[in-house]
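Read through the structure below, which is laid out as structure tokens, and then see the notes.
Note that ligands are numbered from 1 as they come in the structure, with each ligand's atoms numbered from 1 the same way.
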Amino acid sequence: MMASSAAPASSSAAPACRDMAPAGIPTIDMSAPAGRAELSRQMVEAFGERGFFKAVNHGVPLRVSARLDAASAAFFARPAEEKQRAGPPDPLGYGSRSIGSHGDVGELEYLILHTDPEVVARKARAIDRDDPSRFSEAVNEYVQAVRHLACQILDLLGEGLGLRDPASLSRLVTTTDSDSLVRINNYPPSATGDGGVKAASAVGFGEHSDPQILSVLRANDVDGLQVLLPDGRGEDAWVQVPADPAAFFINVGDLLQALTNGKLVSIRHRVMASTSKPRLSAIYFAAPALHECVSALPETVTADAPRRYRPFTWAEYKKTMYTLRLSHNRLDLFKVVGEGCG
Ligand SMILES: C=C1C[C@]23C[C@@]1(O)CC[C@H]2[C@@]12CC[C@H](O)[C@@](C)(C(=O)O1)[C@H]2[C@@H]3C(=O)O
Ligand SMILES: O=C(O)CCC(=O)C(=O)O
Ligand SMILES: [Fe+2]
């Protein structure tokens, strides 16, 4: 089942799109009413054509998401000088407006955390001084649930792609030294000062692709997420993804594009901040270990589809990504010229 429901977004420095046909937002029912083979086929199709899908009936308990939302909202409601104690984002920690270290800014504040429970526990001492375990337990429980969802999706992809070892993708993420992150974003309402709301063009989080394997995003009931999709006439158009706090939005990251030799596409997305209510989002970025060599899966390399990217380690990719602006097409720098890691 693939449902289409979005209208093109109108504001942007990006391609004009007002009169273009709306591109669809694939919706996949994770309870697999039509069976597992059909579910994995839908995923490969959605990720191959769009680079993302909306997951419903995903099995992550509402209680777990609500607990993270409450712990996050309590932190963001604290005075600025208290929040700064959890910063600066170097690159993990609390940050406000500034994204990365190359001049990108957005209308948001955020926390970026490594998902290792010991690292979460250390950071929680600065995030919730009264009761650090209140915060760390909410994060750890959430991470466990969304990692499980990410791995289910990766296993289904492994099957849909016809991999000899269908669990090879999820193993990249379940390894104890996985470098996965969780990011919690708070977009304050865009007040003008006179009680009104700013023009729809305020950038909450600028255009980019996510660098990791898979991103699992959930937000409250406030719109803002947009994805760049083909409009069917050879152009791309920004498409608003209507908010749905009961769903997860799953994105292909750069590494999954490299692993599948471009068969699955890393989607460009952004958040526009023009809301009268705060938008709160949490994104789990599923990543491999730093030393992992990322190389196209043999099943995706054929005479018709020769290897597109040279092998590289996640550490090497990360080092490059942190030297670049948010919107950079960083995977292009790894297009094939030779073989071998390092
Ligand atoms: C400008 C940057 C911020 C970012 C690191 C980078 O140099 C380029 C990639 C950015 C991004 C986008 C997705 C995630 O939000 C993020 C945590 C990531 O892994 O890559 C951010 C990085 C960041 O904010 O530190
Ligand atoms: O906050 C959101 O909804 C998305 C943010 C995002 O794309 C990111 O943090 O990488
Ligand atoms: Fe993103």
Side-chain angles (χ1 to χ4, degrees), residues 9 51-52 54 65 68-69 72 76 87-115 146 178-188 202-228 238-245 247-257 265-275 277-288 290 314-333:
F52 94 114
K54 171 174 163 172
S65 300
L68 181 76
D69 286 0
S72 309
F76 289 124
D90 55 1
L92 307 182
Y94 171 75
S96 177
R97 297 206 74 242
S98 172
I99 301 171
S101 34
H102 300 284
D104 289 289
V105 286
E107 296 298 323
L108 83 165
E109 58 178 339
Y110 58 85
L111 274 171
I112 309 177
L113 306 167
H114 196 281
T115 54
V146 291
S178 148
D179 189 42
S180 300
L181 303 179
V182 65
R183 175 175 198 135
I184 306 166
N185 293 329
N186 180 42
Y187 301 86
V203 174
F205 200 110
E207 172 181 352
H208 67 287
S209 64
D210 292 338
Q212 293 82 0
I213 297 176
L214 204 69
S215 307
V216 179
L217 182 156
R218 183 186 162 274
N220 64 0
D221 59 349
V222 177
D223 284 342
L225 182 65
Q226 298 184 355
V227 290
L228 195 59
W238 285 109
V239 172
Q240 181 87 30
V241 180
D244 185 351
F248 280 87
F249 295 91
I250 319 291
N251 289 2
V252 173
D254 297 345
L255 295 191
L256 190 53
Q257 179 167 329
V265 291
S266 172
I267 189 165
R268 295 185 76 75
H269 55 286
R270 66 181 185 183
V271 176
M272 300 307 283
S274 60
T275 64
K277 249 180 87 176
R279 172 181 165 88
L280 188 66
S281 62
I283 308 104
Y284 167 72
F285 299 100
L290 285 169
W314 169 230
E316 185 191 356
Y317 195 75
K318 247 184 118 173
K319 193 169 161 205
T320 303
M321 127 200 160
Y322 280 126
T323 67
L324 299 170
R325 296 287 300 258
L326 185 60
S327 64
H328 200 285
N329 279 304
R330 54 193 96 83
L331 191 55
D332 284 354
L333 301 175

Looking at [atom], what's its closest protein heavy atom, distance included?
atom                    : result
atom 14 (C) of ligand 1 : Phe285 CZ, 3.5 Å
atom 10 (C) of ligand 1 : Leu326 CD1, 3.7 Å
atom 9 (C) of ligand 1  : Arg330 NH2, 3.6 Å
atom 13 (C) of ligand 1 : Asp210 OD1, 3.5 Å
atom 15 (O) of ligand 1 : Arg183 NH1, 2.9 Å
atom 12 (C) of ligand 1 : His208 CD2, 3.8 Å

- Query: Should His102 be counted as touching ligand 1, given the test is an N or O pair under 3.5 Å?
  - Reply: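 No.
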- Considering distance alone, does some N or O of Met321 sit under 3.5 Å from an N or O of ligand 1? yes
I need the minimum non-hydrogen distance between [X] and [Y], along with the two atoms involved.
X      : Y      : answer
Gln240 : Asp223 : NE2-CB, 3.4 Å
Ser98  : Tyr110 : O-OH, 2.6 Å
Asp69  : Leu280 : O-CD2, 3.7 Å
Gly206 : Arg270 : C-CB, 3.8 Å
Ser65  : Phe248 : OG-CZ, 4.2 Å

Just to be sure I read this right, does ligand 1 sit under 4.0 Å from the backbone of [X], its side chain, both, or neither, counting only heavy atoms?
X      : result
His328 : neither
Phe205 : side chain
Leu324 : backbone

Do [X] and [Y] touch side chain to side chain, with heavy atoms closer than 4.5 Å?
X      : Y      : answer
Leu331 : Ser266 : no
His269 : Phe205 : no
Gln212 : Asp179 : no
Val227 : Asn251 : no

Test item: [X] side-chain N/O and [Y] main-chain N/O as donor-acceptor pair under 3.5 Å:
X      : Y      : answer
Arg218 : Pro245 : yes
Ser180 : Ala287 : yes
Asn220 : Pro278 : yes

- Select the closest option to atom 3 (C) of ligand 1 among Pro91, Ser98, Gly93, Gly100, judged by heavy-atom distance.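 The residue whose heavy atom sits nearest atom 3 (C) of ligand 1 is Gly100.
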- Between Asp210 and His208, a side-chain donor and acceptor under 3.5 Å: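 Yes, His208 and Asp210 have a side-chain donor paired with an acceptor closer than 3.5 Å.
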- Query: So, for atom 5 (C) of ligand 1, does the protein have a heavy atom nearer than 4.0 Å?
  - Reply: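 True for atom 5 (C) of ligand 1.
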- Query: Do Arg183's NZ or CZ and the ring of Phe285 fall within the cation-pi criteria of under 6.0 Å and 45°?
  - Reply: no
So if I count the atoms of ligand 1 from 1 in the order they appear, which ones are less than 4.0 Å from some heavy atom of [X]?
X      : result
Ile99  : 1 (C), 3 (C), 24 (O)
Gln212 : 18 (C), 19 (O)
Pro211 : 13 (C), 18 (C), 19 (O), 20 (O)

- Contacts of the Fe ion (ligand 3) with protein N/O/S atoms, counting only those under 2.8 Å: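 For the Fe ion (ligand 3), the protein N, O and S atoms that sit under 2.8 Å away are His208 NE2, Asp210 OD1, His269 NE2.
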- The reported gap from CZ in Arg97 to CD in Glu107 (rounded to nearest 0.5 angstrom) is 4.5 Å
- Task: Take the angle between the ring planes of Tyr94 and Phe76 and call it parallel below 30°, perpendicular above 60°, tilted in between.
- Result: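 The rings of Tyr94 and Phe76 sit tilted, inter-plane angle from 30° to 60°.
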- Task: List the steps, then state whether side-chain contact (heavy atoms from CB on, under 4.5 Å) holds for Arg268 with Asn329.
- Result: CA-CA 9 Å; Arg268 295 185 76 75; Asn329 279 304; 2.9 Å; yes
- Message: If the criterion is any heavy atom closer than 4.0 Å to an atom of ligand 2, which residues make the list?
- Response: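 Residues Arg183, Asn185, Tyr187, Phe205, His208, Asp210, Leu217, His269, Val271, Arg279, Ser281, Ile283, Phe285 each place a heavy atom under 4.0 Å from ligand 2, listed by chain and number.
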